[in-house]
Amino acid sequence: MSTSPDPARGLSVLHVIVRVGPTNSQWNEHCLPVTGTRRVTVCSLFPASVRAPESIRLYEGDGTVRGCLRSLRRTLLSDDYDVVHVHAPASGMLTLLAYLLERRRRDDLVFTVHNSWTSFRRRNRLFLRVILAWFPLAVVCGRAAYDTLPAGVRRGREHRILVVPNGVDIDRVDATLDRVGPPERAPGTGRTVVSLGRLIPIKDPQTLLRAFARARGPQDRLVVIGDGPMRGALVEQAGALGIADAVRFTGVIPRDEVYRELAQADLVVSCSTGEGLPVAVLEAMACATPVLVSDIAPHREVAAHTAALPLVPCGDVAGFADQMRRLLGQPAQERAATGAALRACATAHFSVRTMNRSYGEVYRRMKNSQLPTPVPRLAADPGAEPLSAKLRRRAWLLVAAAILGGAAGFVFAHVQTPEYKGETTLVVGPIGAATDEDTLGTSAALAVTYADLTRREPVLGPVARQGFADSWRDLQSDVHAQVGDKNPQLVQISVYDTTPRRAVALADAVAAQLAKLTRQAAAAPEQSFVAEQTLDLRAQIESTSADLDRAERELEALPPVDGRSDDQAARAQELRTRVDELRSGLVELQRGYADLDGLDHGELGVATVADPAWPTRSPLRPTPLALVVAGAGVGVALVVGWVQLFSRDRRRRDQQPQVLVPVPWDPEPDVPAPARVGQTGEGR
């Protein structure tokens with residue numbers, strides 16, 4: 001740890017992290033290195049896969065929305081935190097919800113954007129728009145990542161966005177290598193190329209394999225550290241390229257082992273097409289290993305501080321292969337000099353020590369209420385213009401939005417195709433005759449089966465051929481059947497069509513075809529319909545049992561909970577859900593089989609039409625009045641949201657926003673302070 005005073009010494013900081021694990025950068029860089037200078041609490045929304053040291057309080061959720069929210073609220077109530085630091089879009093939305101439920105002021109919230117905007121999924125981009133609007137302070141992990149934020153996201157929020165470059169824990173790297181050291185290389189072995197990162201498309205591991213296949217020597221080898229959904233395809237690609245024996249896929253390994261692999265490598269390569277600020281590259285630099293990277297803005301941000309980091313255009317297989325040959329062909333002394341230059345760059349500009357000092361200054365300012373501007377609030381802000389006043393000034397806009405929204409709803413209601421419902425009823429079993437309890441039970445069981453059969457090919461196929469549709473599957477969404485609530489012998493059929501006449505005709509056709517099938521079944525007991533349904537249920541039971549056995553075996557084959565990777569834990573959760581669904585379905589199938597097995601297949605199975613089909617007098621939808629009201633409401637809600645989120649107070653219109661960029665401190669001064677950056681963006 002640094003000997004310079006930490007501006008955040010003694011602060012209580014809560015970190016909200018999706019999952020605490022051995023490869024989680026927020027855990028490794030924001031929590032572990034500062035346990036001696038801050039009181040750190042961590043809320044892991046998913047169960048943690050590592051043991052927390054005694055100096056860190058760890059709360060864990062179960063991965064469900066309700067469980068995560070419950071854990072987060074419990075964590076917030078357990079202490080008075082100076083700062084609550086959130087690290088992922090989904091976590092940010094959950095935190096806002098927890099704050100709203102607890103009626104908690106948001107002055108202590110800070111969010112870090114750990115990636116470039118283009119690298120986030122569409123859902124997370126939507127979350128980020130809400131987070132950047134409602135969090136009082138946001139931090140971006142690098143200047144290049146900041147530049148990817150859309151202008152609409154940055155506009156009006158420049159004074160609440162900071163840039164703190166990512167850092168690598170050089171102290172931990174040194175301690176690891178001093179303790180275990182890189183293994184000695186066996187005589188006669190070739191050169192080693194290492195790649196570190198998740199095996200996902202944005203990391204472009206295919207280009208890495210193709211380039212290595214072109215550039216490798218007879219004894220050279222490639223070590224791919226990490227795991228992901230592309231692993232199987234990459235193994236096949238390595239075999240197709242003829243380099244399967246030269247490539248080793250390690251999967252997820254402990255961080256100390258990662259540092260050993262990086263330190264013993266001759267070259268580390270990143271072909272990524274998108275990053276925030278690449279921690280994997282910085283870790284390789286800290287290990288004093290030569291590095292080759294793709295030409296993207298985050299890599300250029302690092303390369304701006306050193307001439308020893310070559311850049312190759314994304315996807316340029318030939319370019320990567322040429323640079324691999326050049327760097328691997330350098331004398332050992334020259335490669336060592338290159339590694340030393342990269343190590344010096346990482347130490348001076350991208351260390352965790354520098355990064356956490358920058359965050360310490362951010363935390364101190366938040367604790368002392370030294371934020372650039374007042375924080376937007378969910379509740380009324382005494383220092384800001386009330387929302388009601390803003391809306392009164394824009395009353396004309398509210399009226400116009402309501403009128404336009406209502407008109408849009410009215411037009412939409414009249415361009416939609418109307419939908420009418422036709423209904424009819426069938427009775428299963430004898431009508432009017434005295435029946436015993438067994439007969440009623442048999443008829444009720446058959447009624448359930450007939451209701452299910454109504455939407456299947458034996459009934460809908462002949463109906464479709466009468467001209468109601470091109471295929472029986474086209475009718476499935478328009479035909480519904482259920483057993484009567486009060487009389488279980490009844491099968492109630494409902495159909496939907498564009499006119500009352502067609503709805504009645506379709507309902508009559510479906511009912512007639514179902515009755516015909518039941519009469520045919522009663523006329524041939526040896527091939528009765530009930531017997532066919534019993535065989536079908538038996539086949540479904542056997543298939544479901546086989547699926548259940550496979551899912552249980554796959555679940556048992558997974559490693560123990562403590563040794564699972566993130567993907568394996570997610571797969572385990574998916575398998576547990578699948579097993580529960582299969583068990584529930586199997587119980588229902590067995591119950592239906594028990595009801596049908598051994599029933600009398602005679603006249604009890606005949607269904608008779610009880611009521612002629614009848615239509616609704618008016619269409620079920622659209623409902624013009626409801627759509628007009630809904631359209632007007634949406635228009636008003638959009639205006640209110642726009643006024644609350646994006647309109648500025650009149651008295652603040654002349655305020656000029658600026659970006660505050662904490663930069664690496666000189667270790668000599670006693671009290672470090674970040675540099676302000678104005679409109680030019682210089683100073684880093």
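What you are looking at is a predicted structure, and each value in this text was computed from that prediction instead of being measured. Hydrogens, waters and symmetry mates play no part in the numbers below; they use all other heavy atoms, side chains included. In this chain, numbering begins with 1 at the start of the sequence shown.
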Is His480 close to Ile493 at the side-chain level, that is, under 4.5 Å between some pair of heavy atoms?
no

Quick one about Thr207 and Asp204 (side-chain donor to acceptor, distance below 3.5 Å, no hydrogens or angles considered), yes or no?
yes

Test log, rule side-chain contact (heavy atoms from CB on, under 4.5 Å), inputs Ile253 and Thr250
CA-CA 7 Å; Ile253 59 178; Thr250 69; 4.0 Å; yes

Could you walk me through whether Glu552 and Arg583 pass salt bridge (Lys or Arg N to Asp or Glu O under 4.0 Å), step by step?
CA-CA 11 Å; Glu552 289 177 337; Arg583 286 175 178 168; 2.7 Å; yes

Could you walk me through whether Tyr99 and Leu76 pass the side-chain contact (heavy atoms from CB on, under 4.5 Å) test, one step at a time?
CA-CA 9 Å; Tyr99 268 59; Leu76 290 172; 3.9 Å; yes

Apply side-chain contact (heavy atoms from CB on, under 4.5 Å) to residues Leu514 and Leu426 and explain how you reach the verdict.
CA-CA 9 Å; Leu514 179 60; Leu426 290 88; 4.2 Å; yes

side-chain contact (heavy atoms from CB on, under 4.5 Å) between Asp227 and Phe249, worked out:
CA-CA 8 Å; Asp227 208 344; Phe249 292 89; over 6 Å; no

Are Leu58 and Ser44 close enough that some pair of their side-chain heavy atoms sits under 4.5 Å apart?
yes

Can you see which heavy atom on Ser91 is nearest to which on Ile17, and at what distance?
OG-C, 4.5 Å

By ring-ring contact (aromatic ring centres under 6.0 Å, His included) - contacts of Phe410 (at least two apart):
His414

Exam field: side chain Ser545 to backbone Ile541, donor-acceptor pair closer than 3.5 Å:
yes

For the pair Ser471 (side chain) and Arg473 (backbone), establish whether a donor and an acceptor sit closer than 3.5 Å, ignoring hydrogens and angles.
yes

Test item: Arg125 side-chain N/O and Phe120 main-chain N/O as donor-acceptor pair under 3.5 Å
yes

To check you understand the geometry: which heavy-atom pair defines the closest contact between Gly21 and Ser49, and what is its length?
CA-OG, 3.3 Å

Where the side chain of Thr273 meets the backbone of Ile202, is there a donor-acceptor pair that is under 3.5 Å apart?
yes

N/O donor-acceptor pair under 3.5 Å between Arg455 side chain and Gln476 backbone:
yes

Contact summary for Arg502 and Thr499, nearest pair of heavy atoms
N-OG1, 3.2 Å

A side-chain contact here means heavy atoms from C-beta on lying under 4.5 Å apart; do Leu14 and Cys43 qualify?
yes

Minimum heavy-atom distance Ala613-Asp508, with the two atoms named
CB-OD1, 3.0 Å

With a 4.0 Å cut-off on N to O distance, would you call Glu574 and Arg576 a salt bridge?
no

Aromatic contact between His87 and Phe111, with the criterion being ring centroids under 6.0 Å apart: yes or no?
no

Less than 4.0 Å between a side-chain N and a carboxylate O, is that true for Arg578 and Glu554?
no

Just wondering, do Leu460 and Arg456 contact through their side chains at under 4.5 Å, heavy atoms?
no

Can you name the closest pair of heavy atoms from Val491 and Ala481 and give their distance?
CG1-CB, 4.4 Å

With a 4.0 Å cut-off on N to O distance, would you call Asp567 and Arg571 a salt bridge?
no

Glu423 side chain to Ser494 backbone, donor-acceptor under 3.5 Å
no

Checking Thr75 side chain against Ser71 main chain: does a donor-acceptor pair fall under 3.5 Å?
yes

Would a 4.5 Å heavy-atom cut-off, applied to side chains only, mark Val224 and Leu234 as touching?
no

Test item: Thr518 side-chain N/O and Ala515 main-chain N/O as donor-acceptor pair under 3.5 Å:
yes

Is there a side-chain contact between Leu45 and Arg19, using heavy atoms and a 4.5 Å cut-off?
no

Do we see a donor-acceptor contact under 3.5 Å between the side chains of Tyr59 and Ser78?
yes

Would you check if the side chain of Asn124 reaches a backbone N or O of Pro89 as a donor-acceptor pair within less than 3.5 Å?
no

Using a 3.5 Å distance criterion without hydrogens, assess whether the side chain of Gln489 forms a donor-acceptor pair with backbone atoms of Val428.
yes

Residues in ring-ring contact (aromatic ring centres under 6.0 Å, His included) contact with Tyr420, at least two apart in sequence or another chain
none

Contact summary for Ala511 and Thr424, nearest pair of heavy atoms:
CB-CG2, 3.8 Å

